[in-house]
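Have a look at the structure below before the remarks.
Lettering follows sequence order; numbering is per chain, from 1.
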There are 2 protein chains.
Amino acid sequence: MLHDSSQYSHLDIKQIKSSCATCSLRELCLPVGLNDQEIQIVGDVVSNKRKIRRGEYLHQAGLKFQSLFAIRSGFLKTCVLEEDGRQQVTGFHMTGELLGLDAISTEIHTCDAIALEDSEVCEIPFTKLEEIGIIVPSLMRHFHRIMSREIVRDHNVMLLLGSKKAEERLASFLLNLSRRFLIRGYSESDFNLRMTREEIGSYLGLKLETVSRAFSKLQDENIITVDHKHIRINDIDRLKIKMGNSSCIT
Amino acid sequence: MLHDSSQYSHLDIKQIKSSCATCSLRELCLPVGLNDQEIQIVGDVVSNKRKIRRGEYLHQAGLKFQSLFAIRSGFLKTCVLEEDGRQQVTGFHMTGELLGLDAISTEIHTCDAIALEDSEVCEIPFTKLEEIGIIVPSLMRHFHRIMSREIVRDHNVMLLLGSKKAEERLASFLLNLSRRFLIRGYSESDFNLRMTREEIGSYLGLKLETVSRAFSKLQDENIITVDHKHIRINDIDRLKIKMGNSSCIT
DNA sequence: GATTAGCTTTGATATAGATCAATCAGCATA
DNA sequence: TATGCTGATTGATCTATATCAAAGCTAATC
């Protein structure tokens, strides 16, 4: 869902965008409409940049929470490790998204965040964010919307896991990725997966073999073309029908 | 999870509690530690009380969002209606909990909230809450923790739906209810369900027959005693083992 | 006190997806 | 060019849960 920024002056928007360019905080600062001084203030919070290589942790479950992380570029997964050693993926995250919201409640991270490709994030010390929210209420309001959207997203995943079958789950998943790529200016019908079949399965509550079979089935029906990690959506409307009840993962 | 209030003076706590008694906003105001003036301010936001009879809606999906609702007493479910007519339960909610967080992002309710028994709620106009959060930062901070806790809770449900089997799901569900009753001063081992088998099934991603069989199985093993809606937990430790990997619905 | 209507339980059967197993493709390293 | 290694596909079973069906119990209503 893109934000409507028509209410802000052209100049403001330009400045905000340039401020965001420093740190790519699309999620957090783009739609807020700040004046010069406020931009300065926000800019101060998000100074810390960090690079993570593919396979490295951004944070680990159990560690103390201090900062949220805005993804500047790259692709990450979040997952919880069960004590039997296997991990369950709770989400895949890309540019512009905010990580760490779950840790605010206890100030302990409840999940691991691992880069699926080389990534770059901005660190946002949470205490600072709360302080600045008081000075810039529109920023605070926006932050509340982001948290709320995460809750809606989770409810949609619960729905998917609770009532959809394998093929419908995979269709929802692909359409969700498709939409997120589109929003970011990439092709909605032609993209590369960053995660393995096993990680997809973990996220969708399926075994990797089932995921693989579901891919093959959609390919047999000419709805998508699969070449390992490369996916081409040939018929997005039929894919939407496959998804079943319209509720896509938001 | 009870809040540690030892950092606040005895007097403060008494006053907060009495303020809460007016509206039972345990979640929202108890742990914050406010002075007299601040209590006055908070009291002003939450003035509107509302009664809902069993079966009635507190809010419906699609309607405009204006207020959060703090449950003063009673028991509600939230659910989304799929276009095929069947509904999926996304949560059960009791005294002290906060409803409507999902609607902040779009200002449209994304789910229905229906009373499972006669209930009473306090209406909290969200705009007012945000304004007051600026004056009383500790309130704002607490609100953030509540939202974050909802995200953690949802992740745990995702885990349950994605990887646990029927009996484990039911055990998790019962232990979750048990803990929430305990926190509220009721018996943790002896309580009445407010929802039907079908509603439990919808929440847990199971059919009602499967829920019923899982109840019977746990009863056969003498772990619980089931008499229709009345549940007695005979061996909470074995129930915890049944739950499998320790992650309970928080 | 009889009569529905709404839940719940239980049994029999069907099926989606898990599990087990074999093979294959791509990619990195020797 | 050979040699693993990891991940993906596909086939053959197995099993947990859904589905279909029949009673049974409770509470509400006449």
Write down the distance between CZ (R194(A)) and P (dG7(D)), rounded to a whole number of angstrom.
18 Å

Heavy atoms from C-beta onward define the side chain here; which of dA18(C), dT8(C), dT17(D) lies closest to that of T196(B)?
dT8(C)

Considering just the side-chain nitrogens and oxygens of K229(A), establish if one lies under 4.0 Å of OP1 or OP2 belonging to dG26(C).
no

Under 3.5 Å donor-acceptor pair, R213(A) side-chain atoms to dG11(D) base atoms
yes

Most 5' of L206(A) and H228(A) on DNA chain C, judged by nearest nucleotide
L206(A)

Strictly below 4.0 Å, N to O, side chains only: are E168(B) and K165(B) in salt-bridge contact?
no

Identify, between D227(A) and E167(A), the residue whose nearest nucleotide on DNA chain C lies closer to the 5' end.
E167(A)

Distance in angstrom units between L170(B) CG and dT8(C) P, rounded
13 Å

Quick check: any donor-acceptor pair below 3.5 Å linking the side-chain of E209(B) to the base of dC20(D)?
yes

Among dG17(C), dT9(C), dC7(C), which nucleotide has an atom closest to any side-chain atom of L208(B)?
dT9(C)

Please confirm whether any donor atom in the side chain of R197(A) sits under 3.5 Å from an acceptor in the base of dT10(D), or the reverse.
no

What is the distance, to the nearest angstrom, from the NZ atom on K164(A) to the P atom on dA16(C)?
18 Å

Rounding to a whole Å, what distance do you find between I231(A):CD1 and dA8(D):C1'?
12 Å

How is G205(A) classified with respect to the nucleic acid when contacts are heavy atoms under 4.0 Å: base, sugar-phosphate, or nothing?
sugar-phosphate

My understanding is that only residues two or more places apart in sequence, or in another chain, count here; which of them pass side-chain hydrogen bond (donor to acceptor under 3.5 Å, both in side chains) with D190(A)?
H230(A), R232(A)

Among the nucleotides dT17(D), dT8(C), dT9(D), whichever has the atom closest to the side chain of S212(B) is dT8(C)

Grab the NE2-C1' distance between H230(A) and dG26(C) for me, whole Å please.
16 Å

Looking at G74(A) and S119(A), what are the two nearest heavy atoms and their distance?
CA-OG, 3.3 Å

Lys/Arg-Asp/Glu bridge criterion (N-O < 4.0 Å) met for R213(B), E209(B)
no

Send over the distance from K207(A) NZ to dG7(D) C1', rounded to a whole Å.
16 Å

Nucleotide dC7(C), atom C1' - distance to CD of E199(B) in whole Å:
11 Å

Choose from dG17(C), dT17(D), dT10(C) the nucleotide whose nearest atom is closest to any side-chain atom of S216(B).
dT10(C)

Not counting sequence neighbours, which residues clear side-chain contact (heavy atoms from CB on, under 4.5 Å) with A61(B)? List them please.
D112(B)

Considering only dT17(D), dT9(C), dC7(C), which nucleotide approaches the side chain of V226(B) most closely?
dT9(C)

Between dG11(D) atom P and K217(A) atom NZ, what is the distance in whole Å?
14 Å

